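Quick caveat, the model's predicted, so the values are computed rather than measured. Throughout, residue positions are numbered sequentially from 1 according to the sequence presented.
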Amino acid sequence: MISSEQGLFGEFGGRYVPEILRPALCQLEDMYQQLRSDETFWQEYLQLTQEFSGRPTPLTALPRLSELLGGAKIWLKREDLNHSGAHKINNVLGQALLVKRMGKQRIIAETGAGQHGLATAIIAARMGLQATIYMGSEDVERQYSNVFWMRQLGAEVVPVNHGSCTLKDALDEALRDWAASVDDTHYVLGTACGPAPFPELVTYFQRVISQEIRAQAKHQIGALPNAVVACVGGGSNALGAFCDFLDEPSVRLLGVEAGGRSQQPGQHSIRLHGDLASPGIAQGYKTLFLQNRNGQLGETHSIAAGLDYVGVSPVLADLVARGRVDATSATDAEVTHAFQLLMRYEGIIPALESSHALAGGFALAKEMQPQEHVVINLSGRGDKDIFNIAQALPQQEWLDFLEREVARTEQRLKESAQCPNGEEQYVSNG
Ligand SMILES: *Cc1c(COP(=O)(O)O)cnc(C)c1O
């Protein structure tokens, strides 16, 4: 299990917040320290995930794609089958149990892809809590179906209209709200980032993913997998999938970041590899940030709203620095290709975020041996992305369609020319 001294992971992490937030973070820290060794609390949490979110999620073999790619056997950990369509609910259900213990009546959250906001709105409705969700205005537009459902569930969705109008701005706004409302409000942070104890707390709940992979691999594969692959936005699904393998050196761990359009500033969200990001302190913690020489946070881009973030989990930054986790990235184009492969060969519709893990995982599998096994964490399903995907699958689909239509028309013309008295002839003359 992950643990830290003072919320520090190597040189990363910590708690850099206004004085007014300290008591709430310390209360949360104390509660977490009490609960993390309490097996009955973990059982209570597992029961909630089973009854409300359908856990355990399956480990699914991909026989056709494995054969096509010709390398390792590929498996998917199906976090897409959670209630609300992604892994985010694992963390929200855990924090909801803490809110119950603290007796607070209101929860707030930041959201990028909207999956965390949706999961938060769902638990607020179930527990009779008031919920306010902060979301960058660009993301409100990109992920409108989630915004619609959050509002239907009774949550207030506040579009954030400054900065780059994405996740980092929503996170700032949520911290600002919390500083003013901390007495009756809990901030349900959605990923393994932010001030301590959030990085460790969120990892603790997401760990259920690797616990299950371990048990399922033993049963279905008969051994540990040779590699586990996950996409990296803030880092929570990756840490969840990696956690229980950290002490197993035979298991390679690979995080895949958003390579975006290119490695030019503002065109990607690569923080963990190369030297595009550098250590800095912002948003309550120290990590690798995309920033300019003056420490001003940079712009990011990803085809997937959930990966479009300037910082990254301090836990993951440290694991990469220590060489335990490898990092790579996938471009928007590679991601759309991987997305199509999974749909056409295996009948599964992945989220664009998760398709980064697919792109990285497929490339890795190709280099591996047929008797080896790679598990890719499918963090979410693609329903929410329907319009973005329709836009991103471009030209190609459309050109194929046009080509087919032209061929069909030519065929029809040819047929009607051979049959001068036919209806076609009549219509075209008319
Ligand atoms: C939010 C999200 C991510 C990225 O967040 P992490 O904290 O890095 O896991 C990835 N996939 C999906 C489907 C998401 O909704």
Side-chain angles (χ1 to χ4, degrees), residues 1-4 7 9 13 28 32 35-36 41-50 52-57 59 76-98 109-113 115-116 118-120 122-123 188-194 196-216 228-247 251 253-256 306-307 309 312-319 324-325 351 353-354 356-357 375-380:
M1 210 192 304
I2 291 285
S3 69
S4 67
F9 302 90
L28 197 59
Y32 165 66
L35 293 174
R36 58 173 262 156
F41 177 71
W42 187 252
Q43 288 310 322
E44 183 186 350
Y45 167 68
L46 284 186
Q47 190 179 345
L48 181 60
T49 65
Q50 285 160 15
F52 195 63
S53 192
R55 299 206 77 89
T57 59
L59 184 66
L76 290 187
K77 178 60 174 163
R78 301 294 303 282
E79 291 303 297
D80 60 313
L81 294 180
N82 273 299
H83 178 37
S84 80
H87 68 290
K88 296 269 173 32
I89 197 150
N90 303 334
N91 165 48
V92 169
L93 292 180
Q95 291 199 43
L97 292 177
L98 302 182
E110 86 297 339
T111 195
Q115 292 302 116
H116 175 56
L118 181 62
T120 304
I122 282 172
I123 203 65
V188 187
L189 217 151
T191 186
C193 291
F198 283 114
E200 193 173 328
L201 181 70
V202 175
T203 303
Y204 169 77
F205 291 124
Q206 293 293 0
R207 171 184 168 226
V208 68
I209 301 173
S210 51
Q211 270 194 348
E212 287 178 8
I213 296 176
R214 231 187 136 102
Q216 290 165 325
V228 179
V229 183
C231 67
V232 180
S236 70
N237 89 86
L239 283 164
F242 297 165
C243 207
D244 267 28
F245 299 108
L246 288 174
D247 296 330
V251 183
L253 305 174
L254 179 65
V256 188
L307 305 188
Y309 179 51
V312 67
S313 177
V315 185
L316 213 45
D318 178 50
L319 286 167
R324 178 60 191 100
V325 169
E353 288 82 6
S354 322
H356 287 70
V375 174
I376 302 175
N377 195 36
L378 196 72
S379 55

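Of all heavy-atom pairs between Phe205 and Asn90, the closest is CB-O, 4.0 Å. Considering every non-hydrogen atom in both Asp244 and Gln211, the closest pair reads OD2-CG, 3.3 Å. When all heavy atoms of Ala241 and Ser210 are compared, the closest pair comes out as O-CB, 3.2 Å. Residues Ala317 and Val312 come closest through the heavy atom pair CB-CG1, 4.5 Å. Summarising the geometry of Phe242 relative to Val325, their closest heavy-atom pair is CE1-CG1, 3.8 Å, with the distance given to 0.1 Å. Of all heavy-atom pairs spanning Ala230 and Ala238, the tightest one is CB-CA, 3.5 Å.
Side-chain atoms of Val188 and Val92, non-hydrogen and from C-beta on, do get closer than 4.5 Å to each other. Here the side chains of Ser53 and Leu93 are in contact, with some heavy-atom distance below 4.5 Å. Two residues are said to be in side-chain contact when any heavy atoms from C-beta on lie closer than 4.5 Å; Leu316 and Phe9 fail this criterion. A heavy-atom distance below 4.5 Å is found between the side chains of Leu201 and Phe198. Looking at heavy atoms from C-beta onward, Phe52 lies in side-chain contact with Ile122 at the 4.5 angstrom threshold. The side-chain heavy atoms of Tyr32 and Leu98, taken from C-beta on, include no pair separated by under 4.5 Å. Using a 4.5 Å heavy-atom threshold, the side chains of Ser354 and Asp80 count as separate.
Checking Asn91 against Gln206 by side-chain atom types alone, no donor-acceptor pair falls below 3.5 Å. Of the N and O atoms on the side chains of His116 and Thr191, not one donor lies less than 3.5 Å from an acceptor on the other residue.
Atom-to-atom distance recorded for Leu378:CG and Cys231:SG is 9.0 Å, nearest 0.5 angstrom. The line from OH of Tyr204 to CZ of Phe41 is 5.5 Å long, rounded to the nearest 0.5 Å. To the nearest 0.5 Å, the span separating CG on Leu35 from CD on Glu44 amounts to 8.5 Å. The distance from the CZ atom of Arg324 to the CG atom of Leu246 is 6.0 Å, given to the nearest 0.5 Å.
Looking at residues two or more places apart in sequence or on another chain, you find no side-chain hydrogen bond (donor to acceptor under 3.5 Å, both in side chains) involving Ser313. Residues meeting the salt bridge (Lys or Arg N to Asp or Glu O under 4.0 Å) test with Arg36, sequence neighbours left out: Glu200. Qualifying side-chain hydrogen bond (donor to acceptor under 3.5 Å, both in side chains) partners for Asn377, counting only residues two or more places apart in sequence or in other chains: Asn237.
Checking side-chain atoms of Gln115 against main-chain N and O of Lys88 turns up no donor-acceptor pair under 3.5 Å. Checked by atom type and distance alone, the side chain of Glu353 never pairs as donor or acceptor with a backbone atom of Gly380 at under 3.5 Å. Formation of a donor-acceptor pair under 3.5 Å by the Gln95 side chain with backbone atoms of Leu189 is found in this model.
Looking at Arg78, Lys77, Gln216, His87 one by one, the single match for side chain to side chain donor-acceptor pair (under 3.5 Å) with Thr57 turns out to be Lys77. Partner of Ser236 under the side chain to side chain contact (heavy atoms under 4.5 Å, CB included) criterion, chosen from Thr203, Val315, Val202: Val202. None of Ile123, Thr120, Leu118 except one satisfies the side chain to side chain contact (heavy atoms under 4.5 Å, CB included) rule with Ser84; the exception is Leu118.
Within 6.0 Å of the CD atom in Gln47, the count of heavy atoms belonging to other residues, nucleotides or ligands does not exceed 12.
Between Arg55 and Glu79 there is a salt bridge, since at least one side-chain N of the basic residue sits less than 4.0 Å from a carboxylate O of the acidic one.
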